[in-house]
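Numbering of ligands and ligand atoms starts at 1, following listing order.
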Amino acid sequence: VIAGTGTVVRATKQRAAVAALLAREDEFHSAQEVHDLLKQSGERVGLTTVYRSLQILADTQAVDVLQTADGETLYRHCSSGHHHHLVCRQCGRTVEVDGPAVERWADDVAAKNQYVDVSHTVEIFGTCPQCASA
Ligand SMILES: [Zn+2]
Ligand SMILES: [Zn+2]
Ligand SMILES: [Zn+2]
């Protein structure tokens, strides 16, 4: 047994609990809210772990991130299927969008150049209606 494995397993389990909670929720939630909701459902995950888990999930794009006007960071489960994001440059409000034309173009370009196993990432940045009217 490698020393410290227990800690790693526990951290992975707690991250899974955070991810599972967000998967059940449709709304954006702050780390504090995620922590409270986990507590209500009987999961014992420390606030620091919740913060760290959310950071990792955001880094791997497993969650969508929203920055509120007062600087609070909110998180929401990101759909598992392939999709793109329309992101507000000012507040971070994120809308999940399909891009059929982008999918066709990507397949086309790959096929023409005989590339296989291709993938792509497309994020669209702009100013959301709320920020534009502010
Ligand atoms: Zn998403
Ligand atoms: Zn905005
Ligand atoms: Zn795509």
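- Residue E103 counts as close to the Zn ion (ligand 3), with an N, O or S atom under 2.8 Å.
- Within a 6.0 Å radius of CD in E123, other residues, nucleotides and ligands contribute more than 12 heavy atoms.
- For the Zn ion (ligand 3), the nearest N, O or S atom contributed by H82 is named NE2.
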TODO: Step by step, work out the side chain to side chain contact (heavy atoms under 4.5 Å, CB included) result for H35 and Q32.
DONE: CA-CA 5 Å; H35 178 253; Q32 184 65 59; 3.7 Å; yes
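- Looking at H84 and the Zn ion (ligand 3) together, the shortest N, O or S contact belongs to NE2.
- Connection of F28 to L21 is not established within any shared hydrophobic cluster, with ILVMFWY side chains joined at heavy-atom distances below 4.5 Å, either directly or through further cluster members.
- The residues R104 and D108 are annotated as not salt-bridged, no charged nitrogen and carboxylate oxygen being separated by less than 4.0 angstrom.
- With the Zn ion (ligand 2) as vertex, C131 SG and C88 SG subtend 110°, rounded to 10°.
- Angle SG (C91) to the Zn ion (ligand 2) to SG (C128): 110°, rounded to 10°.
- Looking at E96 and the Zn ion (ligand 1) together, the shortest N, O or S contact belongs to OE2.
- Proximity of a side-chain donor or acceptor of H84 to a complementary backbone N or O of V122 within less than 3.5 Å is detected.
- For the pair NE2 of H83 and NE2 of H85, the angle at the Zn ion (ligand 1) is about 100°; rounding is to 10 degrees.
- Heavy-atom minimum distance, V65 versus A58: CG2-CB, 3.6 Å.
- Inclusion of H120 in the first shell of the Zn ion (ligand 3) is supported: an N, O or S atom falls under 2.8 Å.
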